[in-house]
Protein chains: 2
Amino acid sequence: MKALAQNETVNAQVLTALRAAVITGELAPGTLHSVQTLATELGVSRTPVREALIKLAQQGMVRFERNRGVRILQTSLHDLEEVFALRLLLEPAAVRRAVTRLDEPTRKELRKLFAAMQKAAKADDEFTMLEHDRRFHRVVLEASGNTRLATYVDGLRDMVLRRGVSTARESRSLDDIVDEHAEILVLIEAGDSDGAAQAMRAHILHTAELLIAQEAGAEVGALDIDLGWTNPAAGDADMRPD
Amino acid sequence: MKALAQNETVNAQVLTALRAAVITGELAPGTLHSVQTLATELGVSRTPVREALIKLAQQGMVRFERNRGVRILQTSLHDLEEVFALRLLLEPAAVRRAVTRLDEPTRKELRKLFAAMQKAAKADDEFTMLEHDRRFHRVVLEASGNTRLATYVDGLRDMVLRRGVSTARESRSLDDIVDEHAEILVLIEAGDSDGAAQAMRAHILHTAELLIAQEAGAEVGALDIDLGWTNPAAGDADMRPD
DNA sequence: CAGTGGTGTGTGGCATGTCACTCTCGGCGG
DNA sequence: CCGCCGAGAGTGACATGCCACACACCACTG
């Protein structure tokens, strides 16, 4: 278990450490752990650990089992479908909105994050790459002006990360990921809100298909995967009753 | 403060009681309360109260202020915009999906809930009416098959409820609300997924406009309200890269 | 050897103890 | 009368105590 950082409330430190441990697989899906054990490993008392676990439980990463322990939940195929269906509904719309609200500092940060992604991809540093990937999306989401949306979608990524980490490489190169973000960034900077939204949608859909296809292979087999219901061909267009 | 129910973990009881107290305004927005006080009023120790408050804090209903207390957050105009922007993105899509997956038991429950709404409206029982309203939406959302979406949207309603309760009456009669749900229900039963989605969108948009207009009047004044970004005229249609 | 009952260990849930810090309020100096 | 300041009360955050209960393990019985 990783040591704790400083200059923060213990609760937040524990939360970060536990989340990281789950994502990296240090706390393996399906396994049981006691609050006491985790607290000892982190060098704190049970209270902040329990409180952090409550937050993770609300997010769906763990589950308390009375008198048994805390179970690390694994993301099922259905979980992935749910997460990506939500992301497909929210992120393209957020990008579209963000383009119309973007200011220069935010634009600059996006460029900076993208450059960091490129650099990490060149160095074949998957972890750093995914970190910047996440921050890139986060900045875009926040630029939409909807904090709740940004926070929620960012939380959804946790469900996927432990699949993405160490498996992304098998199906898609880091350079491919960079390329998809490049397209999004270009369209954002060009002020093309619809184009950026479409690029984001394609990016998420692509990621979803790779992860779900991979996971479906690892499970029972063929399952009807349809994420398209999120944005049907004949959809919400021209539906402005006002 | 309402007494606690039985046959449930204390934590859940406290959570329900606190949520209800916030919604009804018994815990007024902006006010500070101590965990000790709340625990005493509820007749339990500080621990389950604190844990319940942590969950409410994650949801954005309260905020811990170190060495000061727990502040009951008021939903600002911007909060309402965020919530309804999210609902506009999620609920119409969920309804569209739900229509294609609906089974007879669920249909039956929707009819039952709608009948209950009618009855409560006739009896001018606002609280019961809103309860059934919420369950109606919840059933529809769950019928989409996306549990996360259902849970999240249901949680979003908490942010609005304490505005809706005792204020809905001022701008819209209970019968109007029933009528909007009638339209949705008819289209769902007819298997018209696009129509149902559009009706849901109109319903949410209507509600949002009433609440936001009312709130804007109570605040500084005119503010640029635009929820439309969630579903632009030229949007995600024909965007199936697969 | 197989089945069973009881006991011991470990757990989450709840209660309580402890501490650093913040805010209040009254007394004192101006 | 007004302003400052310091002591006390109250708080959230964290640590610890306590309990009912689930489960594994083992001795005992057939």
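Below, chains carry the letters A, B, ... as their sequence lines are ordered, and counting in each starts from 1.
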A.B. asks: Starting at atom NE2 of His33(B), determine the distance to atom C1' of dG12(D), rounded to an integer number of angstrom.
C.D. replies: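 The answer, rounded to whole Å, is 15 Å.
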
A.B. asks: Between atom CD in Gln36(B) and atom P in dG17(C), what is the gap in whole Å?
C.D. replies: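 It works out to 11 Å between those atoms.
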
A.B. asks: Rounded off to whole Å, could you give me the CZ-to-P distance for the Phe64(B) and dC14(D) pair?
C.D. replies: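 My rounded result for the distance is 11 Å.
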
A.B. asks: Among dT11(C), dA15(D), dG13(C), which nucleotide sits nearest the side chain of Thr37(A)?
C.D. replies: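 So the nucleotide nearest the side chain must be dT11(C).
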
A.B. asks: Distance check needed: dC14(D) C1' versus Arg66(B) CZ, whole Å only.
C.D. replies: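 That distance rounds to 9 Å.
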
A.B. asks: Please tell me whether His203(A) and His137(A) form a close aromatic pair, meaning their ring centres lie under 6.0 Å apart.
C.D. replies: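 Yes, close enough.
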
A.B. asks: Report the distance from atom CD of Glu65(A) to atom P of dC21(D), rounded to the nearest whole Å.
C.D. replies: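 Taking CD of Glu65(A) and P of dC21(D), I get 18 Å after rounding.
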
A.B. asks: Taking only N and O in the side chain of Ser45(B), is any of them less than 4.0 Å away from OP1 or OP2 of dA15(C)?
C.D. replies: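 Answer is yes, contact under 4.0 Å.
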
A.B. asks: Suppose we call a contact any N or O donor and acceptor under 3.5 Å apart; does that hold for the side chain of Arg46(A) and the base of dG12(C)?
C.D. replies: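 When only heavy-atom distances are counted, Arg46(A) does not reach the base of dG12(C) through any donor-acceptor pair under 3.5 Å.
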
A.B. asks: I want to confirm an ordering. Mapping Thr47(B) and Val70(A) to their closest nucleotides on DNA chain C, which one lands closer to the 5' end?
C.D. replies: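 Its nucleotide being nearer the 5' end, the pick is Val70(A).
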
A.B. asks: Answer yes or no: is there an ion pair linking Glu104(B) with Arg111(B), defined by an N-O contact shorter than 4.0 Å?
C.D. replies: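 Salt bridge: yes.
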
A.B. asks: In this structure, how many angstroms lie between the P atom of dT22(C) and the CZ atom of Arg71(B), rounded?
C.D. replies: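 Whole-Å distance recorded here is 16 Å.
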
A.B. asks: Mapping Arg68(A) and Asn11(A) to their closest nucleotides on DNA chain D, which lands nearer the 5' end?
C.D. replies: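 Checking each residue's closest nucleotide, the 5'-ward one belongs to Asn11(A).
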
A.B. asks: Roughly how many Å is it from CG in Leu38(B) to P in dG10(D), rounded to a whole number?
C.D. replies: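 For the pair Leu38(B) CG and dG10(D) P, the rounded distance is 16 Å.
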
A.B. asks: Counting any heavy atom closer than 4.0 Å, what does Ser34(A) reach on the DNA or RNA strands: base, sugar-phosphate only, or nothing?
C.D. replies: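 Sugar-phosphate only.
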
A.B. asks: Roughly, in whole Å, what's the span from CD1 in Ile54(A) to C1' in dC14(C)?
C.D. replies: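 Distance, rounded to whole Å: 12 Å.
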
A.B. asks: Please check the phosphate of dG13(C) (OP1 and OP2 only) for any side-chain N or O of Arg50(A) closer than 4.0 Å.
C.D. replies: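 Checking Arg50(A) against dG13(C): at least one side-chain N or O falls below 4.0 Å of OP1 or OP2.
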
A.B. asks: Taking C-beta and beyond as the side chain, do Leu86(A) and Tyr152(A) meet within less than 4.5 Å on heavy atoms?
C.D. replies: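 The answer is yes; the side chains approach within 4.5 Å.
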
A.B. asks: Nearest nucleotide by nearest heavy atom, which residue falls closer to the 5' end of DNA chain D, Asn67(A) or Glu51(A)?
C.D. replies: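 Final value for this comparison: Glu51(A).
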
A.B. asks: Would you say Gln58(B) and Gln59(A) make side-chain contact, with heavy atoms under 4.5 Å?
C.D. replies: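 Answer no - side chains too far apart.
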
A.B. asks: Charged N to carboxylate O under 4.0 angstrom, Arg135(B) versus Glu142(B)?
C.D. replies: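 No salt bridge links Arg135(B) with Glu142(B).
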
